[in-house]
Structure formats: C-alpha cells, structure tokens
A.B. asks: 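Mind having a look at this structure? Questions to follow.
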Protein chains: 2
Amino acid sequence: MAQARTPRGKWIEEGLRALAAGGPDAVRVEPLAQSLGVSKGGFYWHFGDRETLLGELLDAWERDVTEQVIERVESEGGDARERLRRLPEAIVPKVTTDIRTDLAIREWARRDERVAERLRRVDTRRMDYLRSLFAAFCADDDEAEARAMTAFSVWLGGHLIAADHHGRAPEEVRELVWQRLLR
Amino acid sequence: MAQARTPRGKWIEEGLRALAAGGPDAVRVEPLAQSLGVSKGGFYWHFGDRETLLGELLDAWERDVTEQVIERVESEGGDARERLRRLPEAIVPKVTTDIRTDLAIREWARRDERVAERLRRVDTRRMDYLRSLFAAFCADDDEAEARAMTAFSVWLGGHLIAADHHGRAPEEVRELVWQRLLR
DNA sequence: TGTCATCCATACACCAGCGTATGGAAGCGA
DNA sequence: TCGCTTCCATACGCTGGTGTATGGATGACA
C-alpha cells in the first residue's frame, strides 16, 4: 500500500471547515482541492461525487456532536446543577463541534429533508439530556421542559443574536440567564 | 409613461421569496426572471447587477421588520404584559417579516460584514423594545435583560430547534416559557 | 399620430464548477 | 525488480449562471 498523501479524512476535515465558514454551498470540490494544495483528481477517487462528501460531513458531525460532549460531562460526575454548569465548557473546540458548523447545518436542514432528519435526531438527543438534568431539581415536568428549551435556545441565541446590550458583554447576559435557570 | 409590466417591486418581492427559501445564494437573476415569466432583460434595466438587488432586499427587510411590528403593538395599547402577549401575533405575514427571511439573513450576516451591521441594528432595536417592556414589571435591570434575551432566543429557537418534545407540541413548549417570562 | 420612456427578448462572451477519462508517479510487498 | 494499490495532474465536455449589446414592443401623452 502506498502512502495516502491526501486521505479521505483530510477532505472531510477541509469540507467541514468550508461548511462552517460558508454553508453547504461553499463546499466546492475545486476550491477544496486548492486549499489542500492538490488537484481534484484524488477527490473523485475517494468520493465519486460531491453529494457523497456532503453526506459524510453530516455523518462526522452527527457522530461527534452529541455523545462526545455528553460523555465528557457525565464522566466528571457531580450533581445535576454542576453538570449543567460544566456543559458549555464541555464542548471541545473541534471542526465538527464548532458552533458555526451547527448553525450552517441548521440552515441547510431548512431546505433538505434528509438533513432535517439528522438534525431532529441530534436536537432530540440534546433536549433529552438537558431535560433529564433539569428534572433532577425542578418541581414538575413543565418546569423542566421550559428550562431545557430556554437553555438550548439561549445557547443558540447567544451566537445568533447580534444586538448591542448597552454596556453588558454577551457572555454576561448569557450568565444572567444561566444563573436563573439553575435556581 | 408606459405601464411597468414587471416593475422594481416585483423583482424585490420575488427576490425575498428566494432569499427566504434558499438563502442569498439562491437569489439568482435567471431563475428569478423565469419565476416572473419574463427574461432577465428587464432585470438589468432596473438593477444593473445582482449585488444591487441583494442590497435592496436588505433595505426592504430592515424597513419592514422592526418599526411596523412595534407600531402595531403600541397602537393597540394595554400594559406591558398585554403588549408582550400580543407581540408574537403582531408579526403580520409578509414576505419581509417571514421568519425564514430572518433566519436566512442571520446566516448571511455570518459571512458578510455589511449584512452583519444591518442585523446588529435590527436586533438592537428589537432587544431595546423587549427590554423596555420587561422593565415595566421586573425588579431590576438584570432581570429585565435576562428575560428579554430569553424571549428573543426562544422565539428564534422555536423555529430553529428540531427536537421532538415527546408528546408536547412546539407551541406548547413556547407557551410554557412565555408564561414564566410574564410572571 | 408621433414621440418618448419603459420594459422585454435574444444572442453573445465569459467564467466557475462538476464529473470523466487517461496517463502517470510513488511506495510497498513479493 | 516487478506489479499492485493508491493517489495526483491534466485536459476535456458540459451546465448554469453573470453581465452586455442591441433591437424591438407597448402604452402614455402631447
């Protein structure tokens, strides 16, 4: 076997980078090849076509983005509040777990039903986990549901909403909400 | 003056539709012309180039999306809680106020600084209005800020998060959060 | 009725990107 | 050293889009 100069994984990694930066439309074979310093010849040996790569990007994302984070939080123990407090930091910076990848896929899901289905699986898994943590100290199911939804929304909103908070930093605002959720 | 068969406004309207459905990359001159049942000849008479249209789409959105909603809520009176309760329904269904336009522009802003600046203006205006309403019955500034951010985030999140709520409809969950925000 | 502003059709040059075909090059194992 | 697998370069045809040029068509108004 000869050495793989630009193996599958390299293409996927570069593809995820492009996806995070510019959405699925920015994942183009020839620019990807250029970024990697090779021609597109090798790409079509690995993948056949562009669609195949896009599918594998989603596979990689779906694999990394939930279980890895949850396992990380769970492995360090503590009660529900402590685990929730650790959640935001448990998202290790990787190409797949980049929030921008999340946002790009979320937008993509709006126009592609197969992407929407994957997102549904991932979001359901995340909400289930959040709900289970809040349920540990909330009076009833409604309260846990409301707090889980709020936590998820504010996590996303913090990266999407561009408002000026007049003196407060975005992280301070997130912290204000977070404190109230953990009461 | 001869009759405008396909005047500026028609192109903008169709452009907003395409933007809402598929993001800025989906706003293409030739498909737009086809949707309108004409050739692209007239387009370049009106706009010069594609960039100009994209700019005008943003103009139209920025103009309609904040003041019109706020004026509508304000015109009907009531105390702060009543106004907040009416807010979701005050968003009249138009091409510019379509939530999908909002989401598309939000994604677009991530890769175009000029778009980001417009979004910053719009979001700041919205947050200012929300904050002012919550401040009417909240104990302190921190509380109002936290609730405004939560309201905004959950409004967006409700359209972005694809999780299955196990029996609850998405609107029920939103309502659970909303009730708590108005306490 | 003629003129002018407004809008549209058509044809064209051009470019970016997809996918294909083909001929290597480079290293590993026998 | 030979052959095989793995990867890359290059050239090509094709599609779908941008923007330009030009010659109408159509209707309001004088």
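Chain letters run A, B, ... following the sequence lines, proteins first and then strands; every chain starts at 1.
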A.B. asks: Nearest to the R50(B) side chain among dG17(D), dG19(D), dC8(D), which nucleotide is it?
C.D. replies: dG19(D)
A.B. asks: Test: ring pair (Phe, Tyr, Trp, His ring centres under 6.0 Å). Region: residues 110-134 of chain A. Which pairs qualify, not counting sequence neighbours?
C.D. replies: F134(A)-F137(A)
A.B. asks: Show every donor-acceptor pair shorter than 3.5 Å between a side-chain atom in residues 15-32 of chain A and any protein atom, with sequence neighbours excluded, or say none if there are none.
C.D. replies:
residue, atom, partner, partner atom, Å
R17(A), NH2, E13(A), OE2, 3.2
R28(A), NH1, D25(A), O, 3.1
E30(A), OE2, K40(A), NZ, 2.8

A.B. asks: Check whether any side-chain heavy atom of I99(A) lies under 4.5 Å from a side-chain heavy atom of W155(A), and answer yes or no.
C.D. replies: yes
A.B. asks: Do R125(A) and R121(A) come within less than 4.5 Å of each other through their side chains, counting heavy atoms only?
C.D. replies: no
A.B. asks: Which nucleotide, dC7(D), dG19(D), dG17(D), lies nearest any side-chain atom of P7(A)?
C.D. replies: dC7(D)
A.B. asks: With a 3.5 Å cut-off and sequence neighbours excluded, list the donor-acceptor pairs that the side chains of residues 85-95 of chain B form with protein atoms.
C.D. replies:
residue, atom, partner, partner atom, Å
R86(B), NE, E76(B), OE1, 3.3
R86(B), NH1, G77(B), O, 3.2
R86(B), NH2, V73(B), O, 2.7
R86(B), NH2, G77(B), O, 2.8
K94(B), NZ, D64(B), OD2, 2.8

A.B. asks: Please list, in numerical order, the residues of residues 34-45 of chain A that have a heavy atom closer than 4.0 Å to any atom of DNA chain C.
C.D. replies: K40(A), Y44(A)
A.B. asks: Apply salt bridge (charged side-chain N to carboxylate O under 4.0 Å, His left out) to D102(B) and list each qualifying residue two or more places apart in sequence or on a separate chain.
C.D. replies: R106(B), R126(B)
A.B. asks: Of all of residues 9-27 of chain B, which get a heavy atom below 4.0 angstrom from DNA chain D, listed by number?
C.D. replies: none
A.B. asks: In this structure, how many angstroms lie between the P atom of dT6(D) and the NE2 atom of H46(A), rounded?
C.D. replies: 10 Å
A.B. asks: What distance do E145(B) atom CD and H165(A) atom NE2 have between them, rounded to the nearest 0.5 Å?
C.D. replies: 6.0 Å
A.B. asks: Keeping the roles fixed (side chain from R83(B), backbone from G78(B)), state whether a donor-acceptor pair exists under 3.5 Å.
C.D. replies: yes
A.B. asks: Rounding to a whole Å, what distance do you find between R28(A):CZ and dC15(C):P?
C.D. replies: 18 Å
